Amino acid sequence: MKIAVVGAGIAGPTLAYWLSHYGHEPTLIERSPRLRTGGYAVDFWGGGYAVAERMGLAADLHTAGYVVQEVRLVDRNSQRVGGFSADVFRRLVDGRFVTIPRGALAALIYRLIDGRVETLFGERISSIVHDDAGVRVTLERGGPRDFDLLIGADGIHSPVRDLVFGPESRFAADLGYRVAAFEAEGYRPRDELVYLAYTMPGRMVARFAMRDDKTMFLFVFTSDRLGDPDPDDGSQIKAALQQVFGEKGWECQEILRRLDDAPDVYFDRVSQTVMDRWSHGRVALIGDAAAAVSLLAGEGAGLAMVQAYTLAGELNRGGADHQDAFRRYESRLRPIVEMRQRSARGFATIFAPKTALGVWTRNQTSKLLNVPRLAEWVLRREFRDDIALPEYAESPSAH
């Protein structure tokens, strides 16, 4: 089948890889003029890691990623007040765990399809019409194109979802936090392979040292610290972060000074996508477009890859019956996604507890993760990965 895949982040290129593997003809459509780079770092393990292994990416993940040694929580004077070693988590998943910038993960996946799959960069979809015969997509630059199916892998603010299922407001569940991230070169001090965070009531700022003398900074704060509406351009975002984190001790002043020079700042609501169905007719959604668990949940990238792998496999198994394939894809993964979403709704408060008592309690509790048996019990309970990848037979046309 000819299948349009919208979005060249993580879910879209993964899906394009597996569709091509099974002999379909995917076309990847991305509104950005080029592959997006940079972005915040994600912890990557579980089902997504298993998919990456099947794509031959295991070694590349560790070359591009980082083996974090410690999570360190500090006070305004940089004194340690909590944290834990990451070794217990790696032991729990047999070393199949890596921290990797989201953009680097996307680039590794895209490299597998570059030159093999038609990709339209700098292109937007203005309309979608689908019926029993197929899907007609109108591109702003390229005009109308006809496909057998259309898959929206275009993120939490999915234009495909808007056009086919309805406005974002119907499906977005705001968790009450905002998040921002940026990178800077030459920042000092550096703490190699340490995720280091400073927390105040309702606010957290963290840094992580990366290669090439870069440092990634992450801000999380409760939405009530901003007025309405949310900032919508770079200067407004920087002004908002100055308002929320200015004169707050630790390294905030220096971090905000480096923020002023940052060419690109990520900013968004911490929210989930909650839908009662992931497909309609010849159109389906995967990744954050269908079921975002939230940026702070910890496994969104991996779940997106599992969804892509499963959808491609079900389409291959189902032959011409795409609707049955869509149903099987959703029935396999919806219980897992909904469990992750329930867990994430409570997990957000770990990043930025709303009271001084909450910050103190979080700090003290984190120290307990240095007790191996207790840490294993907590991590198995909160971060266990029950995703068993289905096995799909090769199609006669697979290559």
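Owing to the predicted nature of the structure, the values given are computational and were not obtained by experimental measurement.
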Exercise: do R345 and Q272 side chains pair donor with acceptor under 3.5 Å: yes
Between H157 and D268: side-chain donor-acceptor atoms closer than 3.5 Å: yes
Linked, directly or transitively: V205 and V270 (ILVMFWY side chains, under 4.5 Å): no
For residues 58-65, tabulate all N or O donor-acceptor pairs below 3.5 Å that involve a side-chain atom, not counting sequence neighbours.
from	atom 1	to	atom 2	distance (Å)
D60	OD2	R111	NH2	2.8
H62	NE2	Y49	OH	2.8
T63	OG1	A59	O	3.1

Spatial distance of atom CE (M305) from atom CG (L389) [nearest 0.5 Å]: 10.0 Å
hydrophobic_cluster_shared for I100 and L112, side chain cutoff 4.5 Å: yes
From CE (M275) to CZ (R334), nearest 0.5 Å: 8.5 Å
Y187-E254 side chain donor-acceptor pair, cut-off 3.5 Å: no
Exercise: do T99 and Y195 side chains pair donor with acceptor under 3.5 Å: no
Spacing of CZ belonging to R72 relative to OG belonging to S366, to within rounding of 0.5 Å: 12.5 Å
Co-membership, hydrophobic cluster, residues Y198 and L218, 4.5 Å side-chain: no
Flag for R54-Y309: side-chain donor and acceptor within less than 3.5 Å: yes
W278 ring center near Y329 ring center (under 6.0 Å): yes
S271 and D174: side chain donor to acceptor below 3.5 Å: no
